[in-house]
Amino acid sequence: LSGLQNNTSKIWTFTLEDKSVNQYNFNGDITTFISYNECSYFATYDNSQQEEISTIYKFVNHTGETTRMGHLPGYCGLFVGSDDGVYVTARDKNRIVYYSKENEPKTIYEF
């Protein structure tokens with residue numbers, strides 16, 4: 001849930017085993033969010049500078065640990081196939097890029 005007026009977001013996680021809900025606060029507007037099993041990925045969008053930028057983050061669902069994975073120009077979309085990384089559609093560059101914690105972003109396909 002993003003608060004566009006105050007540039008903050010809230011992430012809630014629900015644990016099936018003990019039926020608990022946790023809330024994590026994030027400083028920035030989350031524009032897209034996707035989960036797999038242990039991890040989620042999300043992007044923020046910033047157009048306050050001369051260049052429009054989306055920043056990609058990895059979020060560990062049970063701890064709330066958040067890691068910045070990289071950024072790219074313009075808006076993006078996310079899709080995920082595992083907890084190891086996320087595929088990002090870079091709309092301004094017409095390409096699909098794979099982001100993982102271990103490697104530099106890798107262009108998978110250009111169209």
Side-chain angles (χ1 to χ4, degrees):
L1 177 66
S2 290
L4 297 176
Q5 291 80 16
N6 59 12
N7 196 34
T8 61
S9 298
K10 294 178 194 228
I11 300 169
W12 287 281
T13 61
F14 178 75
T15 305
L16 292 172
E17 292 81 16
D18 60 9
K19 296 182 176 42
S20 64
V21 176
N22 290 307
Q23 176 181 307
Y24 301 95
N25 296 314
F26 181 77
N27 192 18
D29 294 324
I30 296 174
T31 56
T32 185
F33 190 98
I34 192 163
S35 293
Y36 191 72
N37 185 25
E38 299 292 324
C39 299
S40 297
Y41 297 88
F42 64 89
T44 61
Y45 179 74
D46 181 10
N47 65 352
S48 63
Q49 306 297 321
Q50 290 181 353
E51 184 179 19
E52 299 173 339
I53 299 286
S54 287
T55 304
I56 312 302
Y57 295 90
K58 181 177 184 176
F59 176 84
V60 179
N61 295 335
H62 64 280
T63 66
E65 176 187 352
T66 304
T67 305
R68 182 182 175 276
M69 299 183 73
H71 65 276
L72 63 155
Y75 276 107
C76 69
L78 304 177
F79 58 102
V80 65
S82 74
D83 285 320
D84 295 329
V86 64
Y87 294 93
V88 179
T89 54
R91 296 184 181 153
D92 285 6
K93 300 292 182 185
N94 294 327
R95 60 188 167 133
I96 298 173
V97 182
Y98 181 72
Y99 284 83
S100 70
K101 189 174 181 181
E102 293 78 28
N103 300 312
E104 291 292 317
K106 179 179 178 182
T107 298
I108 302 297
Y109 184 74
E110 292 191 52
F111 49 94

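No experiment lies behind these values; they were computed from the predicted model shown.
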[X]: what forms a side-chain contact (heavy atoms from CB on, under 4.5 Å) with it, not counting sequence neighbours?
| X | result |
| --- | --- |
| E110 | R95, T107 |
| S100 | Y98, E102, N103 |
| N94 | F111 |

Please say whether more than 12 non-hydrogen atoms of neighbouring residues, nucleotides or ligands are located less than 6.0 Å from OH in Y45.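 Correct, the count exceeds 12.
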Greater than 12 external heavy atoms within 6.0 Å of Q23's CD: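 It does: Q23 CD has more than 12 such atoms within range.
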Between F42 and F26, how do the two ring planes meet: parallel, tilted or perpendicular, split at 30° and 60°?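 F42 vs F26 ring planes: perpendicular.
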If you group Ile, Leu, Val, Met, Phe, Trp and Tyr whenever their side-chain heavy atoms sit less than 4.5 Å apart, what else falls in with I53?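 I53 clusters with nothing; isolated.
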Any side-chain donor-acceptor pair under 3.5 Å between N61 and S40?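 N61 vs S40: donor-acceptor pair found between side chains.
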Side chains of [X] and [Y]: closer than 4.5 Å at any heavy-atom pair?
| X | Y | answer |
| --- | --- | --- |
| I30 | I11 | yes |
| T31 | T44 | no |
| F14 | N22 | no |

Sequence neighbours left out, what passes side chain to side chain donor-acceptor pair (under 3.5 Å) with D18? Give chain and number order.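 Testing D18 for side chain to side chain donor-acceptor pair (under 3.5 Å), a comparison that skips the adjacent residues, returns S20.
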Given the side-chain rings of F59 and Y24, with only the six-membered ring counted for Trp, is the space between their centroids under 6.0 Å?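 F59 vs Y24: aromatic centres under 6.0 Å.
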Would you give the length of the straight line joining atom CD1 of I108 to atom OG1 of T89, rounded to the nearest 0.5 angstrom?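 With rounding to 0.5 Å, CD1 (I108) is 13.0 Å from OG1 (T89).
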I34 side, atom CD1; Y41 side, atom OH - distance, nearest 0.5 Å: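 Between atom CD1 of I34 and atom OH of Y41 there are 10.5 Å.
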Listed pairs under 3.5 Å, donor-acceptor, residues 68-82 side chains, sequence neighbours left out:
residue	atom	partner	partner atom	Å
R68	NH2	H71	ND1	2.8
S82	OG	D84	N	3.1

Between the main-chain N or O of C39 and the side-chain N or O of D83, is there a donor-acceptor pair closer than 3.5 Å?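 Checking the backbone N and O of C39 against the side chain of D83, a donor-acceptor pair under 3.5 Å is found.
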So, T63 side chain and E65 main chain: donor-acceptor pair closer than 3.5 Å or not?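 A pair under 3.5 Å: yes.
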Step by step, work out the side chain to side chain contact (heavy atoms under 4.5 Å, CB included) result for I96 and V88. CA-CA 6 Å; I96 298 173; V88 179; over 6 Å; no
